[in-house]
Amino acid sequence: MPILESFAAALTGGGVDVVDLTAPLSADTPVIQLPPEFAQTARFELEELSRYDDRGPAWYWNNIRTGEHTGTHLDAPNHWVTGKDGGDVASIPAARLIAPAVVLDFSDRVAAEPDFLLEVQHVREWEEAHGPLPAGGWLLYRTGWDARSDSQERFLNADADGPHTPGVSTDCARWLGEEAPILGLGVETVGTDAGAAHSFDPPFPCHAALMGSGKYGLTQLQNLAQLPPRGAVLVVAPLPIVSGSGSPARVLALVER
Ligand code: MN
């Protein structure tokens with residue numbers, strides 16, 4: 001049987017599940033907050049145009065306003081100064097938007113330590129148990145943080161010292177960008193970098209290394225607990241915003257049952 005024919009049969013007849021990794025997009029969707037001297041991203045907004053009324057008797061529709069980096073979204077290489085000559089979100093080759101994914105689960109560690117940082121050694125240990133990272137695929141970093149995504153306050157988890165959310169160490173970020181064979185890094189938090197990464201050297205090392213290497217970031221994912229450590233295929237669908245630095249994205253995982 002042709003590959004796509006058996007795939008379609010598995011989708012409709014069982015055998016392949018589709019897991020939605022996307023957070024619902026609304027005015028309540030948490031957004032990152034930068035120090036006050038910097039420009040801030042917009043929350044998602046709906047502006048009603050008509051709703052079966054005299055503005056449009058048979059139709060309902062809205063304008064939307066959103067940051068490129070609001071909700072579940074993709075970071076394109078040109079998002080960071082290290083990738084400023086790299087691609088925009090519209091120029092990502094379509095074939096890269098469907099790719100294998102592995103899930104590294106550190107939710108137990110993060111439950112005890114919200115500032116937990118992923119190290120190269122953690123990835124190496126995972127590879128010993130589960131095999132190598134997928135070339136041209138996603139490393140999805142599970143932290144359990146998706147359980148907080150219904151609350152801006154709990155999601156950002158900030159105190160007087162700034163936000164406390166899990167991330168990646170400076171060394172590991174550089175390794176993921178420059179050495180690991182991955183296409184990009186997916187996380188459950190508001191950004192790929194740790195909450196404390198403003199104070200790292202360099203600041204926001206994950207953004208610096210990933211974007212500088214022409215790789216991608218995926219943020220505010222949920223339902224990673226429903227994925228196996230390896231074997232899932234991700235469908236990532238950002239809007240092709242011309243010259244855009246990223247886009248809200250629908251992210252779906254295909255999982256063999
Ligand atoms: Mn972003």
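Quick note: residue numbers are just sequence positions, from 1. Excluded from the calculations below are hydrogen atoms, water molecules and symmetry mates; all remaining heavy atoms, backbone and side chain alike, are included. Atoms within a ligand are numbered from 1 in the order they appear, just like the ligands themselves.
- Between S245 and H69, the side chains place a donor N or O and an acceptor N or O closer than 3.5 Å (distance only, hydrogens not considered).
- In terms of distance to the Mn ion (ligand 1), the nearest N, O or S atom of H69 is named ND1.
- R51 forms a cation-pi arrangement with Y60, by the criterion of a distance under 6.0 Å to the ring centre and an angle within 45° of the ring axis.
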Legend entry - H164/N157 under side chain to side chain donor-acceptor pair (under 3.5 Å): CA gap, chis, key distance, verdict: CA-CA 5 Å; H164 296 278; N157 199 38; 6.0 Å; no
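- Nearest N/O/S atom of H73 relative to the Mn ion (ligand 1): this is NE2.
- For the atom pair CE of M211 and OG1 of T192, the computed distance is 6.5 Å after rounding to the nearest 0.5 Å.
- The atom of D75 that is an N, O or S and sits closest to the Mn ion (ligand 1) is OD1.
- Among the atoms of H79, no N, O or S atom is found under 2.8 Å from the Mn ion (ligand 1).
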